[in-house]
Visitor: 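Structure provided below as structure tokens; questions to follow.
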Amino acid sequence: MREEAKQLFEMVRKGIPDKEIMEKLGIQTKASLKKMYYDALVETGKIKDIATKREAETKRTLKISTRGT
């Protein structure tokens, strides 16, 4: 895991306010902070990523009829 992600987890665990985290990590917007936190959670396996429509469609099974179609 990236060093920034580890640092972010530690700050969130300690209850440091978002403005202070953004200042220390050099993050410009709250949306960027949330995205970084979400990506870190997915990377560590703490939460599952959201499946896109394309990924969901490719997971379906195909059936072959008696005619071979």
Side-chain angles (χ1 to χ4, degrees):
M1 183 167 60
R2 297 179 314 213
E3 188 61 36
E4 275 188 336
K6 288 180 185 178
Q7 196 175 15
L8 178 60
F9 277 138
E10 191 63 30
M11 288 182 190
V12 171
R13 191 179 66 76
K14 288 181 180 178
I16 297 174
D18 57 349
K19 297 282 185 187
E20 203 172 313
I21 294 172
M22 290 168 60
E23 186 179 304
K24 286 184 180 181
L25 296 178
I27 300 170
Q28 299 291 322
T29 64
K30 199 177 268 193
S32 296
L33 175 65
K34 288 181 179 184
K35 172 89 170 106
M36 184 178 171
Y37 187 60
Y38 174 81
D39 290 342
L41 288 171
V42 170
E43 188 178 311
T44 58
K46 294 190 187 266
I47 60 172
K48 289 179 70 174
D49 196 12
I50 299 171
T52 61
K53 184 177 179 180
R54 178 172 281 173
E55 290 172 348
E57 288 176 352
T58 58
K59 291 182 181 178
R60 63 187 167 139
T61 59
L62 299 176
K63 296 180 183 178
I64 300 174
S65 69
T66 56
R67 297 171 132 188
T69 57

Visitor: In Å and rounded to the nearest 0.5 Å, what is the OG1 to CZ distance from Thr44 to Arg2?
Guide: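 It comes to 11.0 Å.
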
Visitor: Applying side-chain contact (heavy atoms from CB on, under 4.5 Å), can you list everything that pairs with Lys24, at least two apart in sequence or on another chain?
Guide: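 side-chain contact (heavy atoms from CB on, under 4.5 Å) list for Lys24, sorted by chain: Met11, Glu20.
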
Visitor: For Ile50 and Tyr38, which heavy atoms make the closest approach, and how far apart are they?
Guide: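 So the two residues come closest at N-OH, 3.4 Å.
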
Visitor: How long is the span from the CG atom in Asp39 to the CG atom in Asp49, to the nearest 0.5 Å?
Guide: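 Between Asp39 CG and Asp49 CG, I get 8.0 Å after rounding to 0.5 Å.
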
Visitor: Please report the interatomic distance CD1(Ile27) to OH(Tyr37), rounded to the nearest 0.5 Å.
Guide: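 Going from CD1 on Ile27 over to OH on Tyr37, the span is 12.5 Å.
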
Visitor: Sequence neighbours left out, what passes side-chain contact (heavy atoms from CB on, under 4.5 Å) with Glu4? Give chain and number order.
Guide: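 Checked Glu4 against side-chain contact (heavy atoms from CB on, under 4.5 Å); matches are Met36.
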
Visitor: State the CD1-CD1 distance between Ile16 and Ile21, to the nearest 0.5 angstrom.
Guide: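 Result: 6.0 Å between the selected atoms.
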
Visitor: Test of understanding: with side-chain contact (heavy atoms from CB on, under 4.5 Å), list the residues that count as partners of Asp18, not counting sequence neighbours.
Guide: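 Asp18 satisfies side-chain contact (heavy atoms from CB on, under 4.5 Å) with Lys30, Leu33 only.
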
Visitor: Arg13: what forms a side chain to side chain donor-acceptor pair (under 3.5 Å) with it, not counting sequence neighbours?
Guide: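 By the side chain to side chain donor-acceptor pair (under 3.5 Å) rule, Arg13 matches Glu10.
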
Visitor: Just jot down the side-chain contact (heavy atoms from CB on, under 4.5 Å) partners of Thr29, sequence neighbours excluded, or say none.
Guide: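 Residues passing side-chain contact (heavy atoms from CB on, under 4.5 Å) with Thr29: Ala31, Ser32.
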
Visitor: Could you pull out all residues at least two apart from Lys34 that satisfy side chain to side chain donor-acceptor pair (under 3.5 Å)?
Guide: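 Lys34 satisfies side chain to side chain donor-acceptor pair (under 3.5 Å) with no residue once adjacent residues are dropped.
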
